[in-house]
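Atoms considered below: every heavy atom in the structure, side chains included; atoms not considered: hydrogens, waters and symmetry mates. Chain A is the first sequence line, chain B the second, and so forth, proteins listed ahead of strands; every chain is numbered from 1.
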There are 2 protein chains.
Amino acid sequence: MSDRSPSDEESGASTPATPSSREKILDTAEALFARSGFSGVGMRTVSEQVGLGKSSLFYHFSSKVKLYCAVLERALEDFVARLDEARVQDMPPVERLHTWVDGVVTALAEHPSWARLLLRSLFEEDIADEHDQQRIDTLFESIVSRLSRALEEGIRSGEIRPVSIPHTIQTLIGMTLFHFASGDLGEDLLGESVFEPKQIQLRREHIRHYLDHVLRTSPRT
Amino acid sequence: MSDRSPSDEESGASTPATPSSREKILDTAEALFARSGFSGVGMRTVSEQVGLGKSSLFYHFSSKVKLYCAVLERALEDFVARLDEARVQDMPPVERLHTWVDGVVTALAEHPSWARLLLRSLFEEDIADEHDQQRIDTLFESIVSRLSRALEEGIRSGEIRPVSIPHTIQTLIGMTLFHFASGDLGEDLLGESVFEPKQIQLRREHIRHYLDHVLRTSPRT
DNA sequence: GTCTATACACCGATAGAC
DNA sequence: GTCTATCGGTGTATAGAC
């Protein structure tokens, strides 16, 4: 999603002290798209919350769809980068999954918009043009393939039960994305926000429990 | 959602041979809202797909919001009714959960719109008026409380591990709703639609496996 | 880069004929 | 019950001044 890079001010610098308009727009749009979905957000609302005129948005992003894609790709890239940060290559499969789950939970907890944004993006259809959609699909695919490889490896070595890999991946996504996207329902259930530190930790342990008891062939108590 | 019941033709009769306009509208709107969400669907699209003029919809439902609520309530009521069909009261907790999961998977498989419709409704906010929202909340609550009671009972009797009840419910919802709502992602993973009979059965077994290995204190192989 | 003004399609909803 | 016609508002997007 290189929709235009006006002035290209900070080459490679991370989090400049004064965020550019482009970044302010992305941050605002991310929160709004996560809360209300693509068609539930108007450019007017975005512009008002950013503090710019409506038409100024079109200087930075040529259309609403392009803005949406930019938001989604930025989040997905950050997300994937975090997964790769963890030095994980030489861990045994289940330990690798543990590390990933920890990282994913941390990421979703630090960016409360991500879970809803990513979940919604799986339901949204035919918004992006072919090119943008392919970039997005590739990012999702890179997440799935990492999981897939770890499971496959573990099953081959006997560390993991011979479960259905796709169904297990679906479950893992549901356990993480859905939980942090569940909003009011989750809050009603837990008695407090899913983003409370205590609940975040509980979620981590809950998923760990799943990994150890459903997947592992020799469960540890 | 009693927005009006013109003529009230078939009192209590189930699935009349010739569906009323009201029912055709509900069916069409259900599919559309599930696919594109509340703000992604216009009354124009609904009316065209039903085969009526746009303004005829407003004879049957006083507003778009009321139509949405009617769709959601109808689905939720059907859903809850199916859960209650199963004679389940005197089963031990884990067996009761098994039976429910079977029923839920069957229901979601028979009504491909439901998973997305219900999942989306958890993200949609402040659409219905206070009265309608309360009806919807009550229906969700009745599902959650059934699950909650079964888990609590099982933990008390020692049949189920002392897991976090809210987190377990979240996981169960994620495993069912998310899976059948996942659309293209699920299809890419499985290699075929999540609604293929073979995949439906696999899903049932996958959740059963979870119930037996994560929840049960003495897992059966 | 940001603004004002504007084009034009579509939205939800209503009025009134049949 | 369904239609046509129409209202006011909002949607995305563009033109052009500064």
Side-chain angles (χ1 to χ4, degrees), chain A residues 1-10 16 18-29 32-33 35-72 124 126-129 132, chain B residues 1-10 16 18-30 32-33 35-72 124-129 132:
Chain A
M1 259 310 314
S2 56
D3 196 61
R4 217 173 311 185
S5 293
S7 77
D8 218 68
E9 16 181 274
E10 311 254 349
T18 311
S20 65
S21 279
R22 194 168 201 276
E23 278 157 343
K24 275 193 282 190
I25 296 170
L26 285 170
D27 290 342
T28 306
L32 287 170
F33 282 136
R35 198 189 318 150
S36 313
F38 177 76
S39 38
V41 180
M43 295 297 262
R44 191 196 172 213
T45 316
V46 178
S47 74
E48 276 170 2
Q49 212 155 109
V50 174
L52 285 178
K54 194 177 37 156
S55 51
S56 299
L57 300 186
F58 290 94
Y59 172 80
H60 297 279
F61 301 93
S62 60
S63 74
K64 185 188 171 186
V65 172
K66 288 287 186 186
L67 170 57
Y68 173 78
C69 289
V71 166
L72 189 53
E124 228 71 80
D126 302 337
I127 289 185
D129 62 42
D132 288 334
Chain B
M1 257 315 311
S2 57
D3 196 61
R4 217 175 310 187
S5 294
S7 79
D8 219 69
E9 16 181 275
E10 310 255 350
T18 311
S20 65
S21 280
R22 193 168 202 275
E23 278 157 344
K24 274 192 283 189
I25 296 170
L26 284 170
D27 290 342
T28 306
E30 180 177 285
L32 287 169
F33 283 137
R35 195 184 325 145
S36 312
F38 177 77
S39 37
V41 180
M43 295 297 264
R44 191 197 173 213
T45 315
V46 179
S47 73
E48 277 170 1
Q49 211 153 109
V50 174
L52 286 178
K54 189 175 49 151
S55 52
S56 299
L57 300 186
F58 289 94
Y59 172 80
H60 298 279
F61 302 92
S62 60
S63 71
K64 184 187 172 187
V65 172
K66 288 286 185 188
L67 170 58
Y68 174 79
C69 290
V71 166
L72 189 53
E124 229 70 80
E125 70 240 82
D126 302 337
I127 288 184
D129 62 43
D132 288 334

[X] [atom1] - [N] [atom2] separation (whole Å):
X	N	atom1	atom2	value
B/Phe61	C/dT14	CZ	P	16 Å
B/Leu57	D/dC3	CG	C1'	12 Å
B/Glu48	D/dC3	CD	P	12 Å
B/Leu67	C/dC11	CG	P	15 Å

Reading 5' to 3' through nucleotides 11-18 of chain D, protein heavy-atom contacts under 4.0 Å coded B for base, S for sugar-phosphate only, - for none: SBBBB---
Quick one: NE2 on A/His60 to CD1 on A/Ile25, what's the gap to the nearest 0.5 Å?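 Taking NE2 in A/His60 and CD1 in A/Ile25, the distance rounds to 4.5 Å.
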Using the salt bridge (Lys or Arg N to Asp or Glu O under 4.0 Å) criterion, which residues pair with B/Glu48? Sequence neighbours excluded.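 Per chain and number, B/Glu48 pairs via salt bridge (Lys or Arg N to Asp or Glu O under 4.0 Å) with B/Arg44.
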OP1 or OP2 of C/dG1 less than 4.0 angstrom from a side-chain nitrogen or oxygen of A/Tyr59, does that happen here?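 So the side-chain polar atoms of A/Tyr59 do come within 4.0 Å of the phosphate oxygens OP1 or OP2 of C/dG1, strictly under.
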Does B/Ser56 place a side-chain N or O at less than 4.0 Å from the phosphate oxygens OP1/OP2 of D/dG1?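 The answer is no; no side-chain N or O of B/Ser56 sits under 4.0 Å from OP1 or OP2.
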Answer whether the closest heavy-atom distance between the side chains of B/Lys64 and B/Val46 falls below 4.5 Å.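 No, side chains not in contact.
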Steps toward side-chain contact (heavy atoms from CB on, under 4.5 Å) verdict (A/Leu67, A/Met43): CA-CA 10 Å; A/Leu67 170 57; A/Met43 295 297 262; 4.1 Å; yes
Please state whether the rings of A/Tyr68 and A/Phe33 are parallel, tilted or perpendicular, taking 30° and 60° as the class boundaries.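 Perpendicular: the ring planes of A/Tyr68 and A/Phe33 meet at over 60°.
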Excluding sequence neighbours, so at least two apart, what forms side-chain contact (heavy atoms from CB on, under 4.5 Å) with B/Ser47?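 If we apply the side-chain contact (heavy atoms from CB on, under 4.5 Å) test to B/Ser47, skipping adjacent residues, the hits are B/Lys54, B/Leu57.
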